[in-house]
Amino acid sequence: MIKFFRHIRKSLLTENKFSKYLLYAIGEIVLVVIGILIALQLNTWKDENQAKKEELKILKSVYNEMTENLIQFDQIYFMHQKKQNSLKAILFSNLNEFSLSQFDSLGNNYLNSATYNPSFSIYNTLVSSGKIELVTKDSLKYKISNYKDIVADFTEGELVARKNTRDHNWTYFVNSSISAKNRFNLTTRSEKELGDDLQYYLNEYESPQFQNAMAIILLNMNEIINDGKNLRTETLSLIEMLETEIKKIEE
């Protein structure tokens, strides 16, 4: 093909047809420019296609991490709700109506200090590598970037509640008339302990010091429950946005 164009150019010059040669030269330049533009367009398309593949990979990784985090959150949040309900029962119920096993159960629930520990391995990699910029949807990019701060608000409240619970427990258990072995079912109560422990529970749970400690922890738990609702809403919203964007890219 190149030899063919060279032959035409040579013929035009030999025949001294300068005007036709000029037109031919312009046409040849146009063809070269068109070829370059096509090559650039192909490279641009290739780069965009590669970027989309990389973005899709990122979004799927974040989606999988968030769905796993949501499962863990729901488990921890359920335990927080049980703790909150037990604290309310201790503070606002007629304790004379509770059995020994119910007191044991209430104690185990309010003592729970489980905390939410979501995975941020994908998130941290995205931020540190700068690959988060590959997420083209600005609102989704913002939601991903802001998610860790929302989690931090929730987990900070958990740590405060855990500290208050543990600070109270050290004093409470050391001075308690109830054996810790009995309280946590590490041994079988004797007949005498069955009757004594029930009265001990009543005396301790109704004491102003115990009630005040439970009220403080309940305040912590109320905040955790409210922050948890917001966190779960944000997590679901992020998962839904990720799912929508993944489907859009795959289409």
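Since the model is a prediction, treat every value here as computed from it, not as a measurement.
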Validation row: [X], [Y] side chains within 4.5 angstrom (heavy atoms):
{"X": "D196", "Y": "Y200", "result": "yes"}
{"X": "N182", "Y": "D104", "result": "no"}
{"X": "Q84", "Y": "Y110", "result": "no"}
{"X": "Y201", "Y": "I178", "result": "yes"}
{"X": "K137", "Y": "K248", "result": "no"}
{"X": "Y147", "Y": "L231", "result": "yes"}
{"X": "K53", "Y": "K57", "result": "no"}
{"X": "D149", "Y": "N146", "result": "yes"}

Side chain [X], main chain [Y], donor-acceptor under 3.5 Å:
{"X": "T67", "Y": "N64", "value": "yes"}
{"X": "S86", "Y": "K82", "value": "yes"}
{"X": "Q102", "Y": "S99", "value": "yes"}
{"X": "Q211", "Y": "E206", "value": "no"}
{"X": "R162", "Y": "S113", "value": "yes"}

Exercise for the section: Could you tell me whether E191 atom CD has more than 12 heavy atoms of other residues or ligands within 6.0 Å of it? Expected result: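 No, CD of E191 has 12 or fewer neighbouring heavy atoms, counting only those of other groups under 6.0 Å.
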Problem - Residue F78 excluded, over 12 heavy atoms near CZ under 6.0 Å - result: no
Handout entry: Pair E68-S119, side chain to side chain donor-acceptor pair (under 3.5 Å): steps then yes or no
Key = CA-CA 8 Å; E68 288 296 322; S119 170; over 6 Å; no
Practice task
Kindly determine whether I144 and L140 satisfy side chain to side chain contact (heavy atoms under 4.5 Å, CB included), including the steps that lead there.
Solution key: CA-CA 6 Å; I144 293 173; L140 177 56; 4.1 Å; yes
Exercise answer: donor-acceptor pairs, residues 236-246 side-chain atoms, under 3.5 Å, sequence neighbours excluded:
from : atom 1 : to   : atom 2 : distance (Å)
S237 : OG     : K143 : NZ     : 3.3
T244 : OG1    : E240 : O      : 3.0

Practice task
Quick one: closest heavy-atom pair of A89 and L106, and the distance?
Solution key: CB-CD2, 3.9 Å
Practice task
Please name the pair of heavy atoms, one in L186 and one in A180, separated by the smallest distance, quoted to 0.1 Å.
Solution key: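 Closest approach of L186 to A180: CD1-O, 4.5 Å.
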Distance-only donor-acceptor check, side chains [X] and [Y], under 3.5 Å:
{"X": "K141", "Y": "T136", "result": "no"}
{"X": "R183", "Y": "S176", "result": "yes"}
{"X": "Y123", "Y": "S145", "result": "no"}
{"X": "Q72", "Y": "N117", "result": "no"}

Handout entry: Geometric cation-pi criterion K148 and F120, 6.0 Å radius, 45° cone
Key =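 Judged by the rule (NZ or CZ under 6.0 Å from the ring centre, within 45° of its axis), K148 counts as positioned above F120.
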Practice task
Under the side chain to side chain contact (heavy atoms under 4.5 Å, CB included) rule, what do E250 and L56 come out as? Steps first, then yes or no, please.
Solution key: CA-CA 8 Å; E250 287 181 330; L56 182 61; 3.9 Å; yes
Problem - Nearest-0.5 Å distance, CG of residue L126 to CD of residue E133 - result: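 CD of E133 is found 10.5 Å from CG of L126.
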Exercise for the section: Test side chain to side chain contact (heavy atoms under 4.5 Å, CB included) on Y77 and I225 and set out the steps. Expected result: CA-CA 8 Å; Y77 192 68; I225 294 301; 3.2 Å; yes
Practice task
Taking the six-membered ring for Trp and the full ring for Phe, Tyr or His, determine whether the centres of F103 and Y205 are under 6.0 Å apart.
Solution key: yes
Problem - E55 vs K52, salt bridge (charged side-chain N to carboxylate O under 4.0 Å, His left out): CA-CA, chis, key distance, verdict - result: CA-CA 5 Å; E55 181 184 8; K52 281 295 179 184; 3.6 Å; yes
Problem - Cluster link I216 to M221, ILVMFWY, side chain under 4.5 Å - result: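 No: no chain of side-chain contacts under 4.5 Å links I216 to M221.
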Exercise for the section: Would you check, one step at a time, whether the test side chain to side chain contact (heavy atoms under 4.5 Å, CB included) holds for K88 with M214? Expected result: CA-CA 9 Å; K88 288 180 178 179; M214 294 301 99; over 6 Å; no
Could you tabulate the donor-acceptor pairs under 3.5 Å formed by side-chain atoms of residues 152-160, not counting sequence neighbours?
from : atom 1 : to   : atom 2 : distance (Å)
T155 : OG1    : V151 : O      : 3.2
T155 : OG1    : A152 : O      : 3.2
E158 : OE1    : Y116 : N      : 2.9
E158 : OE2    : H80  : NE2    : 2.6
E158 : OE2    : Y116 : N      : 3.1

Practice task
Going by the side-chain hydrogen bond (donor to acceptor under 3.5 Å, both in side chains) test, name the single residue among N112, N109, T165 that passes it with K83.
Solution key: T165
